[in-house]
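As the structure is a computational prediction, the values presented were derived from the model and not from experiment.
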Amino acid sequence: MVFARLSAIVSIALAASQLAQAGLTKRVTCASGQTTANAACCALFPIVDFIQTNLFDGGECGEEAHSALRLAFHDAIGFSIHGGKGGGADGSILAFNQTETAFHANGGIDDITDRQFDVWQNTTLTAGDFVHLAAAIGTGNCPGAPRLQFAFGRPPPKAPAPDLTVPEPTDSVTAILARFADAGFSTPEVVALLASHTIAAADVVDPTIPGTPFDSTVGTFDTQVFLEVLLKGTLFPGNGSQSGEVLSPIHGEMRLQSDFAISQDARTACLWQGFINNQNLMMSQFKAAMAKLQVLGQKNLIDCSDVVPVPATFPGPIKFPASFSQKDVQVACHQSAFPSLATVAGPAPTLAPVPGS
Ligand code: HEM
Ligand SMILES: *[C@@H]1O[C@H](CO)[C@@H](O)[C@H](O)[C@H]1NC(C)=O
Ligand SMILES: *[C@@H]1O[C@H](CO)[C@@H](O)[C@H](O)[C@H]1NC(C)=O
Ligand SMILES: *[C@@H]1O[C@H](CO)[C@@H](O)[C@H](O)[C@H]1NC(C)=O
């Protein structure tokens, strides 16, 4: 009796685990020999190769990769959970580029749409699928990045997004959090999305210093930006101080007024500090928030995440840039201990601008 019941339980458990296995391992083999979860995704493999070759110089984490991520954000954030602020992650920024590139917050975006436009025209993708696939690929070219998801099947965008949906570096923390909340994002999700600024540089905030990076490792998707925004020193406003620039104590580095304000605000300071040298936390929370961002306003998409190339890992740990240490940190979170970090050897660095900016 007891045995019969036990074996029944065992066989139910076995059947359940086989089902789960089948769900995980269900594969389609494409004509190319590549495998994916859904036959509809097969068409994407050659497009991924085309984008890598023609947009990202074979797989670089350079200006085009950084820009592709920024473009995906500026496209998707044209959305409100209350309606009336655009179609979200629909590619409108590329298809209606003449309208959206004119918005103040989209300064410099015309370089990106211009570059992506011809490449897009040579694919069969809608503007939305192109913008968000390019962002997943480009981000993944940066070592340390999570492998972003890709959902396939956005219809062509209906109209440009209206102006004033994209946050500006001169906005207050309250205004920034409110705009993100209007698009459906919580405060922790906003801070996680700002991990993007670890592969970022500014061209138009201060046009006298194009390509100025936001951290000392602009080609690596690490947590360095969360550390370096907190460094105090001889801070002085540059020529872009009216447009949201606060020069960093690291020569050749810029920090955005908004990033600094978010790093110091009571609502966000501990979330910000919590990402420092916590690569796994940053990767998982950035990945989850990006998955949400890249499908805003969309429905009935097919999960084609397995066409996205797997990024190289970042071994860590991060370090203070040479000559900096704990005494230089403007700590704003007092509830948890600041992580203990070594310092890179040598003299204080001077960062080079990102080429191609
Ligand atoms: C508080 C919200 C944000 C503000 C105020 C902001 C502002 C800016 C500004 C002013 C620049 C420099 C533009 C230039 O002068 O060329 C920039 C660059 C960038 N931003 Fe943000 N950003 C925000 C959030 C985000 C988010 C959520 C993402 C992506 C998920 C993102 C991704 C990027 C990237 C990748 C770049 C670098 C582009 C390049 O190097 O070509 N930003 N951001
Ligand atoms: C904008 O879109 C038009 C087509 O509508 C295209 O010809 C042009 O190259 C695009 N320009 C930029 C800056 O993306
Ligand atoms: C794509 O198509 C355009 C014409 O629309 C062409 O000028 C361009 O060179 C093509 N190739 C690539 C790699 O973008
Ligand atoms: C501001 O602009 C001037 C003239 O273009 C330039 O010489 C100077 O280096 C800039 N200052 C900063 C802090 O970037």
**Request:** Let me see the working for F226 and F338 under ring-ring contact (aromatic ring centres under 6.0 Å, His included), right down to the final yes or no.
**Result:** CA-CA 12 Å; F226 291 108; F338 199 85; over 10 Å; no
**Asked** Where do R255 and E228 land on the side chain to side chain contact (heavy atoms under 4.5 Å, CB included) test, with the steps shown first?
**Response** CA-CA 8 Å; R255 54 181 190 180; E228 292 180 20; over 6 Å; no
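Taking OG of S263 as the reference point, atom CZ of F275 lies at 13.5 Å (rounded to 0.5 Å). Separating the CD1 atom in I176 from the CG atom in L194 is a distance of 8.0 Å, to the nearest 0.5 Å. Atoms CH2 and CD1, from W120 and I47 in turn, are 13.0 Å apart once rounded to the nearest 0.5 Å. Summarising the geometry, atom CG belonging to L271 is positioned 7.5 Å from atom OG1 belonging to T187; distances are rounded to the nearest 0.5 Å. Atoms SG and CG, on C30 and N38 in that order, are 9.5 Å from each other to the nearest 0.5 Å.
No side-chain heavy atom of L94 sits under 4.5 Å from any side-chain heavy atom of D75. Side-chain atoms of H66 and I199, non-hydrogen and from C-beta on, do get closer than 4.5 Å to each other.
Between the side chains of S32 and Q34, at least one donor N or O sits under 3.5 Å from an acceptor N or O.
Here the two rings, on F150 and F45, have centers that are 6.0 Å apart or farther.
Annotation: K319, atom NZ; neighbour count of heavy atoms from other residues, nucleotides and ligands within 6.0 Å does not exceed 12.
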